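Worth saying up front: this structure is predicted, and the values here are computed from it rather than measured.
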Amino acid sequence: MSLSEDIARISITDFADVRRAAENLRDIAWERGQLRVAPWDNIASKAPMIDADGAVLAAEIFGWDAPHERWWADTRLALSSPLPRACRYESETFWVNAQGFHTRQPNRYLDAIDLANFEKRALTKAAIVTPIHLPFGQIGAVSFNASDPERTDLSQEFAAHADILGLLAYRFVAGYVKVIRTRHWLPSDCQLTKREVECLRWASIGKTDKEISLILSRSHATVRFHIQNAGEKLDAVNRSQTIFKAAQLGYLGFAA
């Protein structure tokens, strides 16, 4: 099938689509590289991905149901495994084994991640991983693992299929998140001014209102006004939550 047809097969617009999309993603990964799929919609959540009937996708669709394979039931994995940890520092598909992270472009943050006892902590000897960076700071991931658990080199599969698998992984997880997310944590269409963003950026790195006023050559009262005004727009209860919500909406992105 063509790429556009594969995208349509794994797209989700309704909760009822989840099972069908998961089955198609499983089949596409197998057809392209005999790879097994392990998806997370949110590496900060303990809740597994499910279909409309409540069945756990990792076990029922993707086949991770053997006692030693139940990675989705390990609530410590997001903190202990180097795979989700790397997804906090990388946005493009990579592959990894005990020898290191293999990316299309250098990433010094990945170089600093400890890979000791890799197989035990990652529950695999090698994996192709697509980080899924979603709105509001949510991070998901899809890991593609060789059908042969002894494989330690996925360089050929990465070269041949990483771009396509990465695109399909993102579409699948992003679609799932949209249909499962029911609560609005942030105000809709919130627009901050340039001055409000400037003040919040300095506040986010620990500067006081007085220090920000000196940096921006504005009065202390003006700085306080901009931060309070931003808080009202973001429906925040205090300064810390104002900064947190502004960061989730991408207003406080760090410079390179």
Side-chain angles (χ1 to χ4, degrees), residues 12-13 15 40-47 49 75-76 78-80 84-94 103 105-113 130-142 166 169-256:
I12 298 171
T13 58
F15 210 175
W40 297 289
D41 66 308
N42 186 350
I43 63 175
S45 173
K46 298 178 181 179
M49 296 177 72
T75 58
R76 303 166 299 173
L79 298 176
S80 61
R85 186 176 301 177
C87 291
R88 302 181 192 278
Y89 298 99
E90 179 58 70
S91 59
E92 295 189 60
T93 302
F94 60 87
T103 58
Q105 299 179 13
N107 184 333
R108 63 181 182 272
Y109 290 106
L110 299 187
D111 295 338
I113 293 177
T130 296
I132 313 292
H133 289 259
L134 299 165
F136 317 135
Q138 182 169 328
I139 301 175
V142 177
Y170 187 93
R171 178 62 67 90
F172 173 74
V173 172
Y176 177 87
V177 169
K178 285 181 180 178
V179 300
I180 202 170
R181 180 181 283 151
T182 58
R183 185 169 180 179
H184 285 250
W185 294 97
L186 293 163
S188 300
D189 196 26
C190 178
Q191 184 172 348
L192 302 184
T193 67
K194 177 182 177 181
R195 288 300 183 196
E196 289 165 353
V197 172
E198 284 180 335
C199 292
L200 287 176
R201 280 178 177 164
W202 287 111
S204 70
I205 60 172
K207 298 298 183 182
T208 65
D209 289 352
K210 182 177 181 180
E211 290 172 327
I212 297 170
S213 70
L214 295 173
I215 293 169
L216 299 180
S217 299
R218 295 290 187 274
S219 71
H220 181 260
T222 297
V223 170
R224 187 167 60 247
F225 167 79
H226 285 313
I227 293 178
Q228 289 177 343
N229 204 41
E232 291 177 5
K233 291 180 179 179
L234 292 166
D235 193 25
V237 298
N238 54 36
R239 182 188 185 96
S240 296
Q241 193 181 46
T242 299
I243 294 170
F244 173 74
K245 288 188 172 185
Q248 286 193 306
L249 288 172
Y251 280 111
L252 309 182
F254 292 105

Practice prompt. Could you check Asp209 against Arg239 for salt bridge (charged side-chain N to carboxylate O under 4.0 Å, His left out), going step by step and ending with a plain yes or no?
Written response: CA-CA 11 Å; Asp209 289 352; Arg239 182 188 185 96; 2.7 Å; yes
Worksheet item: Are side-chain heavy atoms of Tyr251 and Leu200 found at a separation under 4.5 Å?
Response: no
Discussion item. Are Thr13 and Val179 packed together at the side-chain level, in the sense that at least one heavy-atom pair is separated by less than 4.5 angstrom?
Written reply: no
Discussion item. To check you understand the geometry: which heavy-atom pair defines the closest contact between Ala86 and Ile113, and what is its length?
Written reply: CA-CD1, 3.7 Å
Worksheet item: Hey, what do you get for CG (Asn107) to CD (Gln105), rounding to the nearest 0.5 Å?
Response: 9.5 Å
Discussion item. Any non-hydrogen side-chain atom of Tyr109 less than 4.5 Å from a side-chain atom of Arg85?
Written reply: no
Worksheet item: Should we say atom CG of Asp235 is surrounded by more than 12 heavy atoms from elsewhere, each under 6.0 Å from it?
Response: no
Worksheet, complete the sentence: Residues at least two apart in sequence or cross-chain that pass salt bridge (charged side-chain N to carboxylate O under 4.0 Å, His left out) with Arg88, listed by chain then number, are none
Item to complete: For residues Val142 and Thr93, determine if any side-chain heavy atom of one lies less than 4.5 Å from a side-chain heavy atom of the other.
Response: no
Worksheet entry | OH (Tyr170) with more than 12 external heavy atoms under 6.0 Å | yes
Worksheet item: When you check the gap from the basic side-chain N to the acidic O, do Arg201 and Glu198 get nearer than 4.0 Å?
Response: no
Worksheet item: When rounded to the nearest 0.5 angstrom, what is the spacing between CZ in Arg224 and CG in Asn229?
Response: 13.5 Å
Discussion item. Any donor-acceptor pair under 3.5 Å linking the side-chain atoms of Gln138 with those of Arg181?
Written reply: yes
Worksheet item: Quick one: which of Lys233, His226, Gln191 gives a side chain to side chain donor-acceptor pair (under 3.5 Å) with Glu196?
Response: Lys233
Item to complete: Mind checking the SG-CH2 spacing from Cys87 to Trp40? Nearest 0.5 Å is all I need.
Response: 6.5 Å
Practice prompt. Answer yes or no: does atom CZ of Phe15 have more than 12 heavy-atom neighbours from other residues, nucleotides or ligands under 6.0 Å?
Written response: yes
Worksheet item: Leu134 versus Val173: any side-chain heavy-atom pair under 4.5 Å?
Response: yes
Worksheet entry | Spacing of OG belonging to Ser91 relative to NE2 belonging to His133, to within rounding of 0.5 Å | 5.5 Å
Worksheet item: Nearest heavy-atom pair of Ile212 and Ala203: which atoms, and what distance?
Response: CD1-N, 3.7 Å
Worksheet, complete the sentence: Between Asp41 and Ala47, the two heavy atoms sitting closest are OD1-O, 4.2 Å
Fill in: Residue pair Leu249 / Cys190: nearest heavy atoms and the distance that separates them
CD1-CB, 4.4 Å
Discussion item. To check you understand the geometry: which heavy-atom pair defines the closest contact between Ala141 and Ile43, and what is its length?
Written reply: CB-CG2, 4.5 Å
Response to the item:
In terms of heavy-atom contacts, Gly231 and Thr242 come closest through CA-OG1, 3.3 Å
Worksheet item: About how many Å separate CG of Leu214 and CH2 of Trp202, when rounded to the nearest 0.5 Å?
Response: 11.5 Å
Practice prompt. State the OG1-CG distance between Thr222 and Leu216, to the nearest 0.5 angstrom.
Written response: 10.5 Å
Discussion item. Taking the side chain as everything from C-beta on, heavy atoms only, tell me whether Pro131 gets closer than 4.5 Å to Phe94.
Written reply: yes
Worksheet item: Would a 4.5 Å heavy-atom cut-off, applied to side chains only, mark Ile132 and Ile139 as touching?
Response: no
